[in-house]
Amino acid sequence: MPEETAPAPESAPAPAETAQPAAPVTTIAEIGRHEGQSVTLQGWLYNLRESGKLVFPIFRDGTGSIQGVAHVKSVSPEVFETLKHLTQESSVIVTGKVRADKRAPGGYELDVEDIK
């Protein structure tokens, strides 16, 4: 007797595209072109300061440096803990919103949204 074969399972429909489009990857030197937008930077941690519920990581890439800002309530607990435990020279891929700040050395700061 021939063996019965099970029908092939139907493939699940692709999930609807509900995710935000990926933030453009840029360099710190080009960050001013993206004011008010979310961007992704690839570089390393230069320094880190903490002040209670705020963390101020300074990121560097081959073109310059920029200060990031993260408030405990503005990022997920995982992102906040990751930031707090970074060590100097840690390689990072950080996403955040570019904000003009005349006090900042380069004229801009990065409101951190995610870090890897």
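I28 belongs to a hydrophobic cluster whose other members, connected by ILVMFWY side-chain contacts under 4.5 Å either directly or through intermediates, are I31, V39, L41, L45, L48, V55, F59, I66, V72, V75, V79, F80, L83, L86, V92, V94, V98, Y108, L110, V112, I115.
Under the 3.5 Å distance criterion, the side-chain polar atoms of T40 are left unmatched by any main-chain donor or acceptor of V25.
Nearest heavy-atom pair, S38 versus P24, reported as atom, atom and distance to 0.1 Å: O-CD, 3.3 Å. Nearest approach of Q42 to D61, heavy atoms of both residues: O-CB, 3.5 Å.
Residues passing the salt bridge (Lys or Arg N to Asp or Glu O under 4.0 Å) test with R103, sequence neighbours excluded: D101. Residues satisfying the side-chain hydrogen bond (donor to acceptor under 3.5 Å, both in side chains) test with R99, not counting sequence neighbours, are E109, D111. By the side-chain hydrogen bond (donor to acceptor under 3.5 Å, both in side chains) test, S65 pairs with no residue at all, sequence neighbours left out. In this structure, the side-chain hydrogen bond (donor to acceptor under 3.5 Å, both in side chains) partners of S76, at least two apart in sequence or on a different chain, are E78. Take T82 and apply the side-chain hydrogen bond (donor to acceptor under 3.5 Å, both in side chains) test, not counting sequence neighbours, and it matches no residue.
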Set out, in order, the CA-CA distance, both residues' side-chain angles and the distance that settles side chain to side chain contact (heavy atoms under 4.5 Å, CB included) for S90 and W44, then state yes or no. CA-CA 5 Å; S90 294; W44 61 92; over 6 Å; no
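Rounding to the nearest 0.5 Å places CD of Q88 at 11.5 Å from CZ of R60. Taken from CD in Q67 to CD1 in I58, the straight-line distance is 5.5 Å, to the nearest 0.5 Å.
For Y46, the OH atom sits in a loose shell: 12 or fewer heavy atoms of surrounding residues, nucleotides or ligands are nearer than 6.0 Å.
Taking 4.5 Å as the limit, every side-chain heavy atom of K97 sits out of range of all side-chain heavy atoms of Q37.
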